[in-house]
Amino acid sequence: MKSSTRKIDNNKDFDTELNFIKRIDAIENIELKEANTSDLFALLNRGELKFKLEISNIFSENDNLQELSFSLENKTFIVKEFNDVGKKTKISSESGVQLLTSIELDTFHSTAFKKKGRYKSFYPVELKDVKTFHNEFETVTYQRNGIEHFYDCLRITIEKRKYDLTQIKDENRGYYVFECLQDQNFEDFSDACYSIQQAVGFINKLMVGGEKFIFDGNGEFYYSNFIRPTLRGLYSPIFSNPYSKMDIERKVAEKMVNKLSRISLEDLSSLTTRIHQNPVFSVVILIILESTSIASLLLIPSSFAVIIEQLSKHLNVEEIGLDKPIDDPELESTIIDQLHQVIDQNKKDLTPENILKLKRRLNGINRPMNKRALTNNEKLTRPFEQLGIDLTLHDISIIEHRNDLFHGNVLLNTKQSRDEETTNLYMAYVSAKLFTLISKLILKSIGYSGYIYNQAKYLEKKLDLKTNEQYFDKI
């Protein structure tokens with residue numbers, strides 16, 4: 001098993017930023033002065049994943065709202081993105097008739113916010129989502145307010161730049177905090193955070209999103225909810241505690257204690273860098289998380305079939321020449337003789353014509369194959385072979401469901417009739433098997449060596465399916 005944590009000097013202070021977030025979270029009917037015209041009155045309110053600005057004026061279609069700015073806490077803020085602009089009339093006994101423009105602020109920032117420097121980005125999460133990284137990841141220690149934390153910080157390297165991802169709890173809320181440890185452009189920092197979000201989400205099933213509160217090195221502020229929502233997936237390919245899954249038989253868990261692997265910081269950095277540099281990997285991770293976040297058995301198998309197709313094309317190393325399955329002439333002769341015997345043993349169920357056809361084919365069974373003229377199924381399995389990932393006949397049969405799914409058989413129906421419950425179970429089984437195979441491709445390709453959880457194993461009993469597969473496969 002890889003080490004659980006690396007003890008380093010890593011002092012952190014989040015108090016100033018958290019206090020600012022608390023203050024703006026508590027905003028309710030705050031009176032604002034427009035930054036350029038002091039006679040414009042507005043109210044600012046905090047909603048769920050949004051800020052709403054209500055201005056006592058009606059903007060015409062020719063007004064440039066992109067230049068809208070306001071003052072708050074002795075800072076001037078510029079609105080960058082907004083939506084849901086509404087116009088209404090408000091009548092009250094105290095203020096009479098008011099003409100109002102209501103604007104939901106998607107993105108705004110203080111005018112002094114730097115475009116280059118070091119940044120901290122806070123993503124709010126529910127307290128239940130703040131779990132130790134210890135089960136899936138190797139971690140680094142960090143120190144805050146005189147306390148050393150061992151299992152809540154990841155250090156990730158992307159293109160020689162280092163980033164920390166720290167999960168914290170603050171009263172009734174949790175946060176994923178992303179930090180860059182060297183100066184860089186703000187846009188580059190945002191892109192790096194997005195890659196880290198995807199990589200971590202693939203491993204622990206949680207890709208944070210929804211809204212973000214960002215601070216530069218001087219405490220200037222940037223807010224945006226113009227991002228993907230938080231995604232909660234179904235599958236986690238790696239974990240170190242076999243008792244953490246109720247589906248795993250106890251005798252199996254006992255056997256696997258101290259054998260399972262965490263993903264190392266180097267492998268996590270490699271995965272993140274691959275996502276960061278390669279759009280195919282990024283799209284694959286997003287499809288996995290988005291399709292499993294809605295837990296649709298109609299969507300997941302088809303999505304995973306697309307992923308297998310894309311990864312196979314992307315990871316395949318082009319080969320030329322002819323490939324002869326059996327190099328040893330004596331072994332070739334032995335195998336052909338044995339296959340002839342199998343046909344002879346079953347000749348009572350075959351016509352003489354079909355026996356002759358089969359035996360003719362046997363003589364060419366070791367005919368060299370052109371490495372550039374592969375069938376679709378051979379193209380799908382070639383990257384597994386090239387990466388040294390063993391496939392069973394059962395694995396190949398699951399991969400071949402790609403043909404069913406691509407030709408509209410989304411329920412994976414066969415000639416054998418199944419009731420709705422069995423159909424759903426089988427679709428869940430195929431989904432889990434495909435995810436396990438996808439995980440092997442992704443993790444093996446970035447250099448990971450260790451165990452992968454076979455997501456489908458526990459469903460075998462429910463389907464009355466017997467295979468020689470294990471709960472964990474080593475790659």
Side-chain angles (χ1 to χ4, degrees), residues 128-129 201-207 229-239 242-250 252-253 283-312 376-377 380-381 384 391-442 452-473:
K128 67 179 182 180
D129 290 327
F202 172 66
I203 300 297
N204 76 352
K205 303 185 296 185
L206 178 66
M207 178 178 165
T230 293
L231 299 176
R232 293 176 175 84
L234 283 179
Y235 307 116
S236 180
I238 300 172
F239 49 86
Y243 294 104
S244 63
K245 298 285 186 181
M246 298 297 293
D247 303 322
I248 299 174
E249 297 175 6
R250 186 169 184 83
V252 175
V283 168
V284 162
I285 299 299
L286 289 174
I287 292 175
I288 290 171
L289 289 167
E290 289 195 352
S291 62
T292 59
S293 69
I294 60 175
S296 169
L297 288 177
L298 290 176
L299 180 60
I300 295 174
S302 298
S303 298
F304 286 1
V306 171
I307 290 174
I308 287 280
E309 182 94 3
Q310 289 301 311
L311 282 178
S312 296
N376 285 335
N377 289 334
L380 293 177
T381 58
F384 290 92
L391 291 178
T392 65
L393 288 176
H394 186 59
D395 289 332
I396 294 172
S397 69
I398 294 296
I399 291 173
E400 289 177 350
H401 273 311
R402 167 255 188 211
N403 299 326
D404 297 311
L405 294 165
F406 279 16
H407 289 89
N409 184 8
V410 294
L411 296 179
L412 301 176
N413 289 322
T414 62
K415 295 179 180 179
Q416 183 179 1
S417 62
R418 297 191 302 238
D419 58 27
E420 182 178 355
E421 181 180 359
T422 305
T423 296
N424 288 338
L425 276 173
Y426 187 68
M427 292 174 70
Y429 176 80
V430 171
S431 299
K433 275 292 297 179
L434 287 173
F435 178 82
T436 302
L437 292 166
I438 290 167
S439 298
K440 290 180 179 181
L441 277 178
I442 292 174
I452 300 285
Y453 178 48
N454 181 358
Q455 310 282 338
K457 181 64 180 177
Y458 81 98
L459 289 170
E460 289 182 7
K461 288 184 178 179
K462 297 182 179 181
L463 284 166
D464 196 24
L465 182 65
K466 295 180 180 180
T467 73
N468 293 323
E469 296 186 351
Q470 306 300 315
Y471 278 93
F472 297 94
D473 296 328

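For the single chain, residues carry numbers from 1 onward in sequence order.
- Within the 3.5 Å criterion, the main-chain N or O of F435 finds a donor-acceptor partner in the side chain of S439.
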Going through the distances and angles, do L459 and Y426 end up as a side chain to side chain contact (heavy atoms under 4.5 Å, CB included)?
CA-CA 9 Å; L459 289 170; Y426 187 68; over 6 Å; no
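- Between K457 and D247 there is no salt bridge, since none of the side-chain N atoms of the basic residue sits less than 4.0 Å from a carboxylate O of the acidic one.
- Counting heavy atoms from C-beta on, the side chains of E400 and T381 never come closer than 4.5 Å.
- Residues I442 and I285 are in side-chain contact: their nearest non-hydrogen atoms beyond the backbone lie under 4.5 Å apart.
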Criterion side chain to side chain contact (heavy atoms under 4.5 Å, CB included) on Y458 and I248, from CA distance to verdict:
CA-CA 7 Å; Y458 81 98; I248 299 174; over 6 Å; no
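- In terms of heavy-atom proximity, L380 sits nearest to R402 at CD1-CD, 3.7 Å.
- In this structure the side chain of Q310 never reaches within 4.5 angstrom of the side chain of V283, judged on heavy atoms.
- Proximity of a side-chain donor or acceptor of S236 to a complementary backbone N or O of I203 within less than 3.5 Å is detected.
- The line from CG of L463 to CZ of R418 is 8.5 Å long, rounded to the nearest 0.5 Å.
- Although no hydrogens or angles enter the test, the distance criterion places no donor-acceptor pair under 3.5 Å between the side chain of D473 and the main chain of I452.
- Other residues, nucleotides and ligands place more than 12 heavy atoms under 6.0 Å from the CG atom of D419.
- Aromatic pair H401/F304: centroids not less than 6.0 angstrom apart.
- In this structure, the side chain of Q470 engages the main chain of N468 through a donor-acceptor pair within 3.5 Å.
- By the 4.0 Å N-to-carboxylate-O rule, K433 lies close enough to E469 to be salt-bridged with it.
- Expressed to the nearest 0.5 Å, how far NZ of K128 lies from CG of L206 amounts to 10.5 Å.
- Taken from CZ in F202 to CG in L286, the straight-line distance is 12.0 Å, to the nearest 0.5 Å.
- Judged by distance alone, with hydrogens and angles left aside, the side-chain atoms of S302 form no donor-acceptor pair with the main-chain N or O of L299 at under 3.5 Å.
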Determine whether T422 and M427 satisfy the following criterion, side chain to side chain contact (heavy atoms under 4.5 Å, CB included), listing intermediate values before the conclusion.
CA-CA 9 Å; T422 305; M427 292 174 70; over 6 Å; no
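- At a threshold of 4.5 Å between non-hydrogen side-chain atoms, the residues I238 and Y453 do not count as touching.
- Scanning all heavy atoms of the two residues, the minimum distance from S431 to Y235 falls at CB-OH, 3.6 Å.
- To the nearest 0.5 Å, atom CG of residue L465 and atom CG of residue L425 are 11.5 Å apart.
- Summarising the geometry, atom CD1 belonging to I307 is positioned 12.0 Å from atom CG belonging to L437; distances are rounded to the nearest 0.5 Å.
- Using a 4.0 Å cut-off between charged side-chain N and carboxylate O, E421 and K462 make no salt bridge.
- The closest donor-acceptor contact from the side chain of T292 to the backbone of A295 lies at 3.5 Å or more, if one exists at all.
- Side-chain contact between D129 and R232 is present, with at least one heavy-atom pair separated by less than 4.5 Å.
- A donor-acceptor pair under 3.5 Å is formed between the side chain of T436 and the backbone N or O of Q455.
- When side chains are defined from C-beta on, I399 does not count as touching N377, because their heavy atoms never get closer than 4.5 Å.
- In this structure, the separation between CD1 on I300 and CG on L234 is 5.0 Å, given to the nearest 0.5 Å.
- The shortest side-chain heavy-atom distance between Y243 and R250 falls under the 4.5 Å cut-off.
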Any chance you could lay out the side chain to side chain contact (heavy atoms under 4.5 Å, CB included) test for D395 and F384, step after step, and finish with the verdict?
CA-CA 11 Å; D395 289 332; F384 290 92; over 6 Å; no
